[in-house]
Number of protein chains: 2
Amino acid sequence: MPWELKSDRPIYTQLIEYIELMIVSGVYPLGSKLPSVRDMAQEAAVNPNTMQRALAKLEEDGLIITHRTSGRSITEDESMVAKAKTKLAQQQISEFLEKMQLMGFDQQEILTIIDNMVKGMKK
Amino acid sequence: MPWELKSDRPIYTQLIEYIELMIVSGVYPLGSKLPSVRDMAQEAAVNPNTMQRALAKLEEDGLIITHRTSGRSITEDESMVAKAKTKLAQQQISEFLEKMQLMGFDQQEILTIIDNMVKGMKK
DNA sequence: ATTACTGTATTAACCACTTAATACAATAAT
DNA sequence: ATTATTGTATTAAGTGGTTAATACAGTAAT
């Protein structure tokens, strides 16, 4: 996992999105323990303060539980994660469709393009 | 046209994307004249320097022609615009599919979701 | 008890983005 | 010729993100 961080957006927001993706996809399972702030910061090659900021936001959103001295873990509330996944997906889809329409593609075009792209993907 | 500018990314990059969208969608037709930097800045409610920066990038990309003292216009090179449109679309699609897959949706799921979303859209 | 590790907070410095206020050169309009 | 408008450049100030270097309190491990 490469932690591909670009410089066109604040790093902490990219960290939030990336970690959230790992959670909703199950790479970080329900209730599992997360590495320490320092370790995660080192793995992502960012400053601990920056990682701290991202994790604080994820805790605020209820996806992560903080145990003051024994580290952090993913929430055990399955519905919390499911809700986050649904929200993320719908957000992705609507943004995508909106931009494609603004570009001038009509509904049928979008469908066929997607269909071709999906078929072209390695499964 | 609202110029919806968010604060989570640099404004000038959002301006670039927005104007590019207007070009590839034909809202700004081939060869048409653009308003002055100052006017566009005022319309978007940003500083002229910021708008200048965005326009300079679009000129660098070949979508806009600058006439030193008589303003700017959209390129008349149709293939230039077509190429930009294709590139934009493929970028949107691949980013979208990648994220959906990272979230854990398989190909069939993505297709049916999109299909339902599209059908749900008022044309 | 001591040690090591946890999250958290603070301070200073640096840098990119943004704005504001100008100014200049070239040309279109009059 | 004069005026207005064009793109462009410069300088200063403010803001927010990022890093670095610490420091502290609480707790798990030994």
Side-chain angles (χ1 to χ4, degrees), chain A residues 2-20 22-23 28-29 31-76, chain B residues 2-20 22-23 28-29 31-77 80:
Chain A
W3 292 90
E4 295 176 20
L5 301 173
K6 302 178 181 177
S7 58
D8 63 338
R9 292 186 302 149
I11 294 179
Y12 82 97
T13 60
Q14 298 182 57
L15 294 178
I16 292 172
E17 292 173 8
Y18 185 77
I19 297 171
E20 187 176 10
M22 295 303 103
I23 294 175
Y28 293 157
S32 64
K33 195 166 179 306
L34 280 176
S36 73
V37 184
R38 294 169 176 80
D39 287 350
M40 292 186 74
Q42 187 172 21
E43 189 185 326
V46 299
N47 189 275
N49 295 329
T50 307
M51 181 59 75
Q52 160 76 18
R53 187 169 178 178
L55 293 172
K57 177 62 164 63
L58 287 168
E59 186 194 3
E60 184 187 322
D61 292 342
L63 289 177
I64 282 182
I65 306 295
T66 299
H67 314 99
R68 187 67 174 72
T69 58
S70 62
R72 291 176 158 95
S73 58
I74 308 298
T75 178
E76 298 185 358
Chain B
W3 293 92
E4 295 175 22
L5 301 174
K6 302 178 181 177
S7 60
D8 62 338
R9 291 185 305 148
I11 294 179
Y12 80 97
T13 60
Q14 300 181 58
L15 294 178
I16 292 171
E17 293 172 8
Y18 185 78
I19 298 172
E20 189 176 9
M22 294 305 101
I23 295 176
Y28 293 157
S32 64
K33 195 167 179 305
L34 281 175
S36 73
V37 184
R38 294 169 176 82
D39 286 350
M40 292 187 73
Q42 187 173 20
E43 189 184 326
V46 300
N47 188 277
N49 296 328
T50 308
M51 181 60 75
Q52 160 76 17
R53 185 168 180 178
L55 293 173
K57 176 63 166 60
L58 288 168
E59 185 193 4
E60 184 187 323
D61 293 342
L63 290 177
I64 282 181
I65 306 296
T66 299
H67 314 97
R68 187 66 175 72
T69 59
S70 63
R72 282 181 239 255
S73 58
I74 308 298
T75 178
E76 297 186 0
D77 185 345
M80 209 76 193

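Under a 3.5 Å cut-off, the side chain of B:T75 and the backbone N or O of B:D77 do form a donor-acceptor pair. Formation of a donor-acceptor pair under 3.5 Å by the B:N47 side chain with backbone atoms of B:N49 is found in this model.
The nearest whole Å value for the distance from the CG atom in B:L5 to the P atom in C:dC17 is 16 Å. What separates CZ of A:R53 from C1' of D:dA20 is a distance of 17 Å, to the nearest Å. Taking atom CD1 on A:I16 and atom C1' on D:dG17, their separation rounds to 13 Å, with Å as the unit. In this structure, CG of B:N47 is placed 10 Å from C1' of C:dA21, rounded to the nearest angstrom. As rounded to whole Å, 17 Å separates atom P of C:dC17 from atom CE of B:M51. The distance between atom CG of A:D39 and atom P of C:dC5, rounded to the nearest whole Å, is 10 Å. Following rounding to the nearest Å, A:K33 (NZ) and C:dC5 (P) show an atom-to-atom distance of 12 Å. What separates CG of A:D8 from P of C:dC17 is a distance of 10 Å, to the nearest Å.
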Problem - Sugar-phosphate or base contact per nucleotide [nucleotides 23-30 of chain C; S, B, -; heavy atom under 4.0 Å] - result: B--BSS--

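Listed nucleotides C:dC17, D:dG7, C:dT19 differ in distance to B:P10; the shortest reach to its side chain belongs to C:dC17. Residue B:R72 places its side chain closer to D:dG7 than to any other of C:dG7, D:dG7, C:dT19. Closest approach to the B:V46 side chain among D:dT8, C:dC17, C:dT19 is made by C:dT19 (side chain taken as heavy atoms from C-beta onward).
Listed by chain and residue number, A:E17 satisfy the side-chain hydrogen bond (donor to acceptor under 3.5 Å, both in side chains) test with A:R9 (two or more places apart in sequence, or in another chain).
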Taking only nitrogen or oxygen atoms into account, show me every contact under 3.5 Å that the protein makes with nucleotides 9-14 of chain C, one pair per line with its distance.
none

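Residue A:Q42 qualifies as open at atom CD: its count of foreign heavy atoms under 6.0 Å is 12 or below.
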